[in-house]
Student: 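Got a structure for you, questions after.
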Protein chains: 2
Amino acid sequence: MWKASGVNVFRLSRITDYGIVLMAHIAEQGDGSLHSARDVADQTELPLPVVSKILKSLTREGLLRSHRGSKGGYSLERSAAEITVPQLITALDGPIHLTECASHSGACAKEASCHVREPWQRINAAVEEALARITLSDLISTTPGSIVPLISLGVDTRELDTAAEKGRG
Amino acid sequence: MWKASGVNVFRLSRITDYGIVLMAHIAEQGDGSLHSARDVADQTELPLPVVSKILKSLTREGLLRSHRGSKGGYSLERSAAEITVPQLITALDGPIHLTECASHSGACAKEASCHVREPWQRINAAVEEALARITLSDLISTTPGSIVPLISLGVDTRELDTAAEKGRG
DNA sequence: GATTAATAGGACCGCATCCGTACTGTATGT
DNA sequence: ACATACAGTACGGATGCGGTCCTATTAATC
Ligand code: FES
Ligand code: FES
């Protein structure tokens, strides 16, 4: 049977995926290091036009600082520890909106009667906040396991907890 | 300047969005209630073909039970408290894979040299687990605030914590 | 000053895919 | 028998992502 969707949905764009790889690569060389688009493309084995396009966007969004002219290149605008995952996503994919409806008010004619709008707004904010705990320096950390406890969940044990327990079974 | 992407990315499909609305509507009437596709379409003010398509998918994925023939309709296969958000998403949009690369091994030729693959796998699992804490009954809960603490994060205070603090500033 | 190297900005098009609809078949109650 | 309602599939349009290319601008070097 068909699947309603499932390939491109609830997924970061390839541009963003690559963008994070590029940022990680730059950050690995040190916060102040300078890299030309060609160097980054060679070392990451990604096509140069794509790399160039992404780095230009990241610069425009304030995550990279560019140095034009010969011997130019890109360097981190802020330290890797100050760059969070949602900043990377927002820079390339735009603001995080898990659903089209529940995001910006006025987008859906059924707002008044819709009962799931508000919960989704909370979920959206929660996911974004969860991702905001992760910085670029965490992504390039060579000690595996450092991220594991970063996104552990603290659920307060009220009646909903038991429901969630059953739901996971 | 152009934006690399930003409209359809990192976003649930409309089908899934509607699907959750439909499930919430059915769940609101009680776990055992029976609803025809037409009734649900009328009450949610969504086009009947779309509603029908979504309900069929949800049935095939085991979230709804169908009753064919006259006086037929759909009812919840499991209790609303046992249906989690990732189950809804997976049923309509397929498995949750935030990135194409880091998800299934073998999809990317740069796996060996890629340093962000493993972190992203952890992030993906963490987001999915976070969403799994939310059940359908939570979404239809009339008492706002019940979801807020559900996705609070517990960060263990090691050196990374301070980095995250700075990153949010 | 000429040259080279590198980024800035935008235009362009192919192609995948999401969205909504339509159609036929099957089961069930009256 | 008939009406009702779900099952499964096929189809076309529109949208937007993806990758590439081109020109202008800036800066270092000789
Ligand atoms: S806000 Fe659009 S359906 Fe809920
Ligand atoms: S796994 Fe594909 S670039 Fe990291």
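Any value given below was found using the heavy atoms of this structure, including those in side chains, with hydrogens, waters and symmetry copies removed. In what follows, chains carry the letters A, B, and so on, assigned in the order in which the sequence lines appear, proteins first and then strands, with residues in each chain numbered from 1.
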Student: Mind checking side chain to side chain donor-acceptor pair (under 3.5 Å) for A/Arg14 and listing every partner two or more places apart, or none if nothing turns up?
Tutor: B/Glu100
Student: I need the CG-C1' distance between B/Asp39 and D/dC6, as an integer number of Å.
Tutor: 14 Å
Student: On DNA chain C, compare the nucleotides closest to A/Ala37 and B/Arg14; which residue's is nearer the 5' end?
Tutor: A/Ala37
Student: Does a salt bridge link B/Glu111 with B/Arg117, judged by any charged N lying under 4.0 Å from a carboxylate O?
Tutor: yes
Student: OP1, OP2 of D/dC17 versus side-chain N and O of A/Arg11: anything below 4.0 Å?
Tutor: no
Student: Measure OH/B/Tyr18 against P/C/dG20 and give the value in whole Å, please.
Tutor: 6 Å
Student: Any idea which of D/dT20, D/dA5, C/dT7 is nearest the B/Ser36 side chain?
Tutor: D/dA5
Student: What residues form a side chain to side chain donor-acceptor pair (under 3.5 Å) with A/Glu28, not counting sequence neighbours?
Tutor: B/His115
Student: Taking only residues two or more places apart in sequence or in another chain, which ones pass side chain to side chain donor-acceptor pair (under 3.5 Å) with A/Ser33?
Tutor: A/His35
Student: Mind calculating the distance between CD1 (A/Ile54) and P (D/dG19) to the nearest angstrom?
Tutor: 9 Å
Student: Without decimals, in angstroms, what is the distance between A/Lys53 NZ and C/dA6 C1'?
Tutor: 19 Å
Student: State which of D/dT20, C/dG9, C/dT7 makes the closest approach to the side chain of A/Ser66.
Tutor: C/dT7
Student: Would you please name every residue forming a salt bridge (charged side-chain N to carboxylate O under 4.0 Å, His left out) with A/Glu128, sequence neighbours left out?
Tutor: none
Student: Could you list the residues that satisfy side chain to side chain donor-acceptor pair (under 3.5 Å) with B/Asp42, not counting sequence neighbours?
Tutor: none
Student: Restricting to ring-ring contact (aromatic ring centres under 6.0 Å, His included), what partner residues turn up for B/Phe10, sequence neighbours left out?
Tutor: A/Phe10
Student: Within the sub-3.5 Å range, which N or O atoms of nucleotides 23-25 of chain C have a protein N or O partner, and how far apart are they?
Tutor:
from, atom 1, to, atom 2, distance (Å)
C/dG25, N2, B/Arg68, NH2, 3.4

Student: Please state how far atom CD1 in A/Ile15 lies from atom P in D/dG19, giving the value in whole angstrom units.
Tutor: 6 Å
Student: Using whole Å, what does the distance between atom P of nucleotide C/dC18 and atom CG of B/Leu92 come to?
Tutor: 13 Å
Student: Side-chain heavy atoms nearer than 4.5 Å, only ILVMFWY residues, links allowed to pass through others: does that put A/Leu46 and A/Leu92 together?
Tutor: yes
Student: If you find the nucleotide of DNA chain D closest to A/His67 and the one closest to A/Leu48, which residue's nucleotide is nearer the 5' end?
Tutor: A/Leu48
Student: Mind listing the residues from residues 69-77 of chain B sitting with a heavy atom below 4.0 Å of DNA chain C? Number order is fine.
Tutor: B/Gly69, B/Ser70
Student: Please name all residues satisfying salt bridge (charged side-chain N to carboxylate O under 4.0 Å, His left out) with A/Arg68, sequence neighbours left out, ordered by chain then number.
Tutor: none
Student: In whole Å, I'd like the distance from the CZ atom of A/Arg65 to the P atom of D/dT26.
Tutor: 17 Å
Student: Return the value, rounded to whole Å, for the distance between atom CG of A/Asp17 and atom C1' of D/dG19.
Tutor: 16 Å
Student: I want to verify a distance call: between C/dA8, C/dA11, C/dC19, whose nearest atom is closest to the A/Thr59 side chain?
Tutor: C/dA8
